[in-house]
Novice: 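To start, I am sharing the structure in question, which I have written as structure tokens.
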Amino acid sequence: MVGRKKRKGNKTVVNVVLGIICFIWLLPTLGLFISSFRPAADILQTGWWKVFPHQEWKAGETVQLSKDVDLREPIEVNGTTYTDDQLKAGVTEGDKRLVWENRRARTINMQERGWEVKPDFTLDNYKNVLSGKEYKLKLGDGSETVQKGTGLSQAFWNTLTIAVPATIIPVLIASFAAYAFAWLRFPGRKTLFVIIIAMLVIPIQVALIPILKDYTALGLNGSYLGIWLAHTAFGLPLVTYFMYNFISQLPKDLFESAFIDGASHFTIFSRLILPLSVPALASIAIFQFLWVWNDYLVSLIFIGNQPNVQVMSMKIADLVGSRGNDWHLLTSAAFISMLMPLTIFFLLQKYFVKGLMGGSVKG
Amino acid sequence: MKNAVGRKMSLLLVLLLSFTMVLSACGGGGNTPKSEPPANTGGNNQGAANEGSSNENLSPLELALKGEYKGTKVTMFGPFVDADQVKFESSIKEFEEKTGIDIQYEGSKEFEATINIRVDGGNAPDIADFPQPGLLASIAKTGKVIDLTNILDQDKLKANYNQSWLDMGTMDGKDGKILAGIWNRSNVKSLVWYPKKQFEEAGYKIPETWDEMMALTEQIAKDGDPAWSIGIESGAATGWTATDWVEDIMLRTTTPENYDKWVNGELPFTSPEVKRAVEIMSDIWMNKDYVYGGTKSIVTTAFGDAPAPMFTDPPKAWFHRQGNFITSFFPETAKVDEDYDWFYLPSIDEEYGKPVLVAGDIYAMFNDRPEVRAVMEFFTTGESIKTWVQSGGVIAPMNDASLDWYSSESDRRMAKLVQDASTLRFDGSDLMPGKVGAGTFWKGMTDYVSGTASLDDALKQIQSGWDN
């Protein structure tokens, strides 16, 4: 009895700690989410938490100073003297605060605390991001035309066109490879495997320029094929290693009985390995998909910024303008680009559970 | 045994399957667009350079306008994105329609990071647009930039550009000096913006000299406001606004030759000339009564947010020194010539006249084909930037760009300021090598302003960038 109680107590502590950690992790996302619905001017001026009811100093009585007061000397207000710096920052007196209202007009405000909510929300950020910003152009005769920029839709499809094959190809190749490394006996198997694992530690940056040179010679720059190959190559070592770890742990008896039943390697792979490794496939596919979806560097080098092939991450970066003048748009752009990975995650999550619950060998 | 054969067969099958999969992936990519330029006909040598103009003595541009290069493509790569890209593209639209040449512009915020990789990877665009001549200079040294001396008509160039622009486009090539690029768009930096209406209502007068400006600053402080709004925060580029100030003051307190030496690293940051410039700047920056939010806020205020206090009613700050591009950060409701205007950052030492600090975009050519030549020649004409000039925010460096094109009095005065300048110098930090100009110079100024380093230490620290 005592033991059970203790365990229960432990559980509450764990839950509370988890709750706190989750909250801390989610807080920035919540802030971003709220900001994405705020008007640009508000984002610049106040924090997102100001949309909740909060206490703020509100303008109250105004004290007018006479014209000949030297502002840099101590200033007397209602019998007390304050320095200029104090009045700039605001001095609290009881439930009131003295602060410059307009130093030029020599007015001091006696503010009072009060509750305030700022419920200004707008969809403008999303509109600008999704359907493109509007630009004003002046023509020679003084007239103005408005041009509409492009939205995210083209970039979204481009990214999808890149991300889906760039996930499926490496995962498939790696599964074949993992099966071969785990269950086939061929010369140089260990050496090959070590080489592949060694590839994990090589940063992709060192490969960029040599590959770019080859791509230029082959005419692969700026094409989907080129970027699929690049992502496949960069992703393969990790995916192979991951799949190997899973496939090599499957019970040997399973394959032996399949062999006795006359199954070929291909049958074993397609009928046994693939269905059994769904949980592993799903998790590594999520990893690879996220990596390709969020990729900026590889696309920057091999795809470039032509609108017909440009990916979302680059389009979003360009939305903020040459000098970063529209950075508030990043809030809504971030949420839009987040949608796809989240969808994929929640769709595949089902398979995680299924694969884990099903177990590999029955009876 | 049978089993082993079967195993081998399946292995083969697996291999085959994976191979076909890769192949089918290739097949899918077959119809993807390729922006591969055709074979380089002219090559990098200048021997064939005059063949274009020898053709009935017409220049490439004239041939292009006759429809000679219809259906050809010219790739361009540069840092314009967003609104700038739209303005640029509408400026070249008419040319594209008339000639049938398709200029494929690719804008990227990562231009500076990417152009070196593209050139090294053999994937250079036909024309690249450099916002920093220092970057072009380092690529020109490798011999990969085409010398424009024999490609463009030099007399026409001389007639259409102030000599300073041509000098700034001349750089060290692989063997000797080359004309590495031509200037197409420029920004003026020596400007102080102010809220016009309130400024006049308060009875202030535009200062003609530095002393008058300081007196006015003091006057405004007495009247109750800090005069200047300054912000140098800009993410990883924090500090660049401060370098502009130092450059502007350097031009006003020492000879242009000294400025050039300073930019080339021959005059150290620790020399009295540079120190004096920073000290003059500090008279404003380090006085908490003169700066909106006090000195401490300079480092934490984003350069784009800095002008905001000028547009409250009444203004909380009155002066903001920044290039003409800053107007894109002004509130949309504020009207040029009415709500805001600018005055020239006054001279300090009379003997150095009226120097103007400029920045701009230099276009360089990487592939020599007739249609690329035609486009390059087009970029030396004011026509190539007309729509942009009319829309505001840029100054055309060409002489054939008419002052009538500018749609606001403010822009027109700027263009005139550049034309009448006694000395024209380019933004120094953009000319210095990246390690200094976009490295220790930014960082040293930030450290000095935020108070983590004394002036001497900061200058020593900046100078150390040259040694590494």
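Keep in mind the model is a prediction, meaning the values are calculated, not measured. Lettering follows sequence order; numbering is per chain, from 1.
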Novice: Give, as side chain, backbone, both or neither, the part of R323(A) having an atom under 4.5 angstrom from any heavy atom of chain B.
Specialist: both
Novice: Given that the side chain runs from C-beta out, which part of L319(A) has a heavy atom under 4.5 Å from chain B: side chain, backbone, both or neither?
Specialist: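 Interface part for L319(A): backbone (N, CA, C, O).
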Novice: What part of F77(B) lies closer than 4.5 angstrom to a heavy atom of chain A: side chain, backbone, both or neither?
Specialist: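 Neither; nothing under 4.5 Å.
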Novice: Measuring heavy-atom distances to chain B, does D214(A) have an atom under 4.5 Å in its side chain, in its backbone, in both, or in neither?
Specialist: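 When you check distances to chain B, no heavy atom of D214(A) falls under 4.5 Å.
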Novice: Any salt bridge linking K288(B) with D85(A)? Criterion: basic side-chain nitrogen under 4.0 Å from a carboxylate oxygen.
Specialist: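 Looking at K288(B) and D85(A), the cut-off is met.
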Novice: Please rank G235(B), P79(B), G107(B) by heavy-atom pairs under 4.5 Å with chain A and give me the top one.
Specialist: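 Max contact count across the listed options: G107(B).
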Novice: Heavy-atom pairs under 4.5 Å with chain A - which of A83(B), A113(B), G392(B), S407(B) has more of them than the others?
Specialist: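 When all of A83(B), A113(B), G392(B), S407(B) are compared, A83(B) has the most.
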Novice: Under a 4.5 Å cutoff for heavy-atom pairs, which residue among R104(A), Q310(A), R103(A) has the most contacts with chain B?
Specialist: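 Maximum pair count with chain B is reached by R104(A).
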Novice: Strictly distance-based, threshold 3.5 Å: is any side-chain N or O of E106(B) a donor or acceptor partner for the main-chain N or O of N305(A)?
Specialist: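 Answer holds: yes.
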Novice: In terms of heavy-atom pairs under 4.5 Å with chain A, which of W388(B), F111(B), Y204(B) leads?
Specialist: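 Counting heavy-atom pairs under 4.5 Å, the top option is Y204(B).
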Novice: Side chain, backbone, both or neither: which part of T387(B) has an atom under 4.5 Å from a heavy atom of chain A?
Specialist: both
Novice: Identify whether the distance between the nearest side-chain nitrogen and carboxylate oxygen of D318(A) and K109(B) falls below 4.0 Å.
Specialist: no
Novice: Name the region of D305(B), side chain, backbone, both or neither, that has any atom closer than 4.5 Å to a heavy atom of chain A.
Specialist: side chain
Novice: Can you confirm whether Q64(A) is buried at CD, in the sense that more than 12 heavy atoms of other residues, nucleotides or ligands lie under 6.0 Å from that atom?
Specialist: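 More than 12 within 6.0 Å, yes.
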Novice: Any sub-3.5 Å donor-acceptor pair from R189(A)'s side-chain atoms to F181(A)'s backbone N or O?
Specialist: yes
Novice: So, using side chain to side chain contact (heavy atoms under 4.5 Å, CB included) as the criterion, who are the partners of S328(B) when residues are at least two apart?
Specialist: N325(A)
Novice: Looking at chain B, which one of G262(A), A41(A), G321(A) has the largest number of heavy-atom pairs inside 4.5 Å, strictly under?
Specialist: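 Of the candidates given, the most pairs with chain B belong to G321(A).
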Novice: Between K213(A) and D120(B), does any NZ, NE, NH1 or NH2 come within less than 4.0 Å of an OD or OE carboxylate oxygen?
Specialist: no
Novice: List the residues meeting side chain to side chain contact (heavy atoms under 4.5 Å, CB included) with A174(A), not counting sequence neighbours, and say none if there are none.
Specialist: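 For A174(A) the side chain to side chain contact (heavy atoms under 4.5 Å, CB included) partners, ignoring immediate neighbours, are L236(A), V239(A), T240(A).
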